[in-house]
There are 2 protein chains.
Amino acid sequence: MKKITDSTLTQISKHLNLSISTVSRAINGQSKKYRISEKTTKVIIEAAKKFKYEPNELARSLRLKKSNTIGVIVPDITNPFFAVVVRWIENAARLNDKIIFISDSNNDTEFEKIAIKAFSSRKIDGLIVAPVGNESFHLSEMNQLDIPIVIIDRYLDKLNLPFVGSNNYEGSKEATKYLIGKGHQKIAFNQGLKKSKLNLDRVRGYCDALNENGIAINHNLIVGENFNEQSGYEAAKFLLSKNTGITAIFTASNQIALGTIKAIKEKKLHIPNDISLLSFDNQSYWDFFSPPITTVEQQTKKIADKAYNLLSEMIKKNKIIGNSKIQLSTKLIKRKSVKDKVKKAWK
Amino acid sequence: MKKITDSTLTQISKHLNLSISTVSRAINGQSKKYRISEKTTKVIIEAAKKFKYEPNELARSLRLKKSNTIGVIVPDITNPFFAVVVRWIENAARLNDKIIFISDSNNDTEFEKIAIKAFSSRKIDGLIVAPVGNESFHLSEMNQLDIPIVIIDRYLDKLNLPFVGSNNYEGSKEATKYLIGKGHQKIAFNQGLKKSKLNLDRVRGYCDALNENGIAINHNLIVGENFNEQSGYEAAKFLLSKNTGITAIFTASNQIALGTIKAIKEKKLHIPNDISLLSFDNQSYWDFFSPPITTVEQQTKKIADKAYNLLSEMIKKNKIIGNSKIQLSTKLIKRKSVKDKVKKAWK
DNA sequence: TTGTAGGCGTTATCAC
DNA sequence: GTGATAACGCCTACAA
């Protein structure tokens with residue numbers, strides 16, 4: 001960090017025999033306000049260019065109590081869903097001359113805490129977090145420190161923090177209904193993190209769809225522990241090892257779907273003839289699978305934009321907008337991974 | 001940022017009727033060095049806990065000329081290759097109590113410049129960048145400011161900056177030879193950013209493999225403009241609209257491959273019977289394509305680790321380790337997207 | 001064993 | 001029109 005050519009206001013002011021204040025004001029475009037002569041202003045601007053002056057934002061932040069940085073924490077940056085959200089958040093932030101600290105919590109609350117502490121001591125202006133979801137004390141603590149927080153993706157019930165995400169209940173219900181409509185009765189659900197509200201919502205949507213169609217819920221068909229590929233694989237493997245008679249699996253995330261497909265392939269089963277598959281999270285690559293996978297699409301850009309705007313407003317107004325809960329609609333993208341059992345029966 | 005319970009050394013020292021220095025020293029574990037009595041130390045530590053003291057890293061950074069932050073710039077965070085690299089860099093950084101600023105340059109040098117400026121004014125300790133690749137002045141400028149930089153993925157010829165990436169030439173050559181070995185003669189190359197060294201290396205590997213096997217290079221078969229899906233799609237579409245007689249396409253990135261597959265599907269052609277496909281960048285989802293796609297795998301974790309360690313060393317020693325160029329080997333992951341024309345001929 | 005004072009680079013307030 | 005000074009919160013050389 002010891003820059004050779006690092007220039008400061010002091011250096012420029014000494015070189016020009018002017019006071020630091022004058023230089024600062026001219027550089028910050030306040031010449032008119034402070035009636036600094038055009039000549040002086042010009043001289044200062046030129047010197048700043050010559051010395052490649054670049055304000056030290058650390059010093060500015062300290063003085064102004066505003067760092068123009070925001071923190072973003074996601075459970076898994078390698079999941080394209082979160083990567084896309086991060087990208088859009090950065091795009092929005094850039095328009096406000098803010099930059100972002102990133103942390104991948106790896107679905108581990110401990111890492112989430114570490115990141116929060118580090119971000120907080122760097123005085124971020126605000127935080128957008130897709131929480132792991134099984135604990136929330138550290139978040140409410142940060143909120144008490146008056147750092148605005150917006151939660152995305154995984155809603156936390158206990159907290160009164162603004163949230164932006166999808167309407168998981170409806171999305172899940174619609175998908176399950178679609179499966180039922182295609183003649184499936186024994187439908188398994190390969191779920192994500194059990195205790196998380198997001199997962200609970202998706203489970204509830206699944207259950208309600210079954211109930212409303214007079215299908216009894218078999219809790220043995222609800223499997224899985226987490227949102228990652230590994231959990232999806234293991235749960236599916238377990239499921240397929242039993243004699244359950246299932247004809248379709250609904251998975252709670254793209255990563256779970258990947259793991260499920262792996263298990264299905266290992267069992268030498270074919271989608272959709274032997275078993276149908278439907279998953280949350282749309283990705284461009286689903287189009288190219290064999291067969292293309294039917295999915296529930298979330299509005300990622302909208303989630304990112306709304307979250308950023310909400311945070312931005314909270315930062316500006318310096319107040320916590322508690323409990324605004326935005327749930328965006330999802331869209332069922334129909335491809336070829338669900339077998340139409342009704343059609344077949346008619347033949 | 002106006003924290004209600006924000007506590008500072010001053011506050012604690014006033015509350016305890018001790019000097020700021022004593023409090024600072026005790027909190028920083030320097031009690032022994034400065035012979036602060038156990039009693040005082042204890043009192044201070046307890047007060048710090050009570051007030052939830054958390055050092056202001058902005059102030060510390062300013063004073064110590066070290067921010068414990070590093071910047072990471074990638075051309076496309078939604079590309080799993082870069083997402084994985086970012087994740088491993090963060091993992092390494094976390095062990096050193098460093099946090100990272102992220103920027104997605106969106107393959108645009110202008111955004112890269114904006115990020116660099118913002119990072120530099122925040123006094124990052126170092127920068128890891130996967131550059132867009134067609135310009136490098138802004139990078140050398142930053143380097144002159146004495147901020148350590150490590151380049152990853154896309155090597156920049158003109159610069160004397162340390163680089164960590166794959167041996168693209170060999171990887172590309174091996175892949176092309178594999179195609180030739182399977183009986184392919186008319187092989188197209190759907191390339192990335194034309195002027196980038198990385199792309200040039202991959203093109204060179206492709207050309208040399210052809211040459212060494214006595215196959216003349218047809219420049220009409222080298223298409224594409226950039227590393228993204230869109231470019232891959234358009235180039236493949238163009239290619240397939242001509243009567244070239246190609247039997248295989250080699251693509252320079254996973255995103256290009258996705259676009260190429262889209263174009264192939266639109267043309268109602270089948271992989272590998274109508275056309276074979278081989279791509280750079282391995283992903284777990286390639287296994288599930290129809291057919292599974294043969295790829296050239298890069299050692300992402302190793303790239304991230306080596307880059308971080310190199311940067312870390314440069315930061316510690318406060319010197320620029322110019323021109324160390326690390327090129328890691330790649331691995332051909334054979335799946336089912338390449339047709340064995342030789343075998344067929346024998347039948 | 002603890003305290004004082006200066007400075008990191010800015011900006012805001014007050015003075016001339 | 002411009003300048004001096006204090007303050008943001010922290011660390012450290014030097015005092016005591």
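Residue numbering restarts at 1 for every chain, and letters A, B, ... go by the order of the sequence lines.
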Separation of C:dG9 P from A:Ile12 CD1 (nearest whole Å): 12 Å
Those residues that, when tested against B:Thr109, pass side chain to side chain contact (heavy atoms under 4.5 Å, CB included) (two or more places apart): B:Lys113, B:Val132, B:Asn134, B:Glu135, B:His138
d(CD, B:Glu54; P, D:dC10) in whole Å: 10 Å
Length of the line joining A:Lys66:NZ and C:dG9:P, which is rounded to integer Å: 23 Å
Strand contacts (DNA chain C) in residues 28-43 of chain A, 4.0 angstrom heavy-atom criterion: A:Asn28, A:Tyr34
Could you list all N or O pairs between the protein and nucleotides 4-8 of chain C that sit under 3.5 Å apart?
{"from": "C:dT4", "atom 1": "O4", "to": "B:Ser21", "atom 2": "OG", "distance (Å)": "2.7"}
{"from": "C:dG6", "atom 1": "N2", "to": "B:Arg63", "atom 2": "NH1", "distance (Å)": "2.7"}
{"from": "C:dG7", "atom 1": "N2", "to": "B:Arg63", "atom 2": "NH1", "distance (Å)": "3.3"}
{"from": "C:dC8", "atom 1": "O3'", "to": "B:Lys65", "atom 2": "NZ", "distance (Å)": "3.2"}

A:Arg87 and A:Glu90 ion-paired at < 4.0 Å: no
Residues that B:Ala93 engages under side chain to side chain contact (heavy atoms under 4.5 Å, CB included), provided they are two or more places apart: B:Lys98, B:Ile100, B:Tyr308
Value in whole Å for how far the P atom of D:dG9 lies from CG of B:Leu58: 10 Å
Residues in side chain to side chain donor-acceptor pair (under 3.5 Å) contact with A:Thr69, at least two apart in sequence or another chain: A:Ser67
Contacts of type side chain to side chain donor-acceptor pair (under 3.5 Å), residue B:Thr41, not counting sequence neighbours: B:Ser31
Side-chain donor-acceptor pair present, B:Arg94, B:Asn91, cut-off under 3.5 Å: yes
Contacts of type side chain to side chain contact (heavy atoms under 4.5 Å, CB included), residue A:Lys42, not counting sequence neighbours: A:Glu46
Whole angstrom value for the distance that separates C1' of D:dC10 from CZ of A:Arg122: 14 Å
Length of the line joining B:Lys14:NZ and D:dG9:P, which is rounded to integer Å: 11 Å
Spacing of B:Gln11 atom CD relative to D:dC8 atom P, expressed in whole Å: 10 Å
Pairs touching residues 10-49 of chain A that satisfy ring pair (Phe, Tyr, Trp, His ring centres under 6.0 Å), sequence neighbours left out: A:His15-A:Phe51
Interatomic distance, B:Leu9 CG vs D:dT12 P [rounded to whole Å]: 12 Å
Set of residues satisfying side chain to side chain donor-acceptor pair (under 3.5 Å) with respect to B:Ser196, sequence neighbours excluded: none
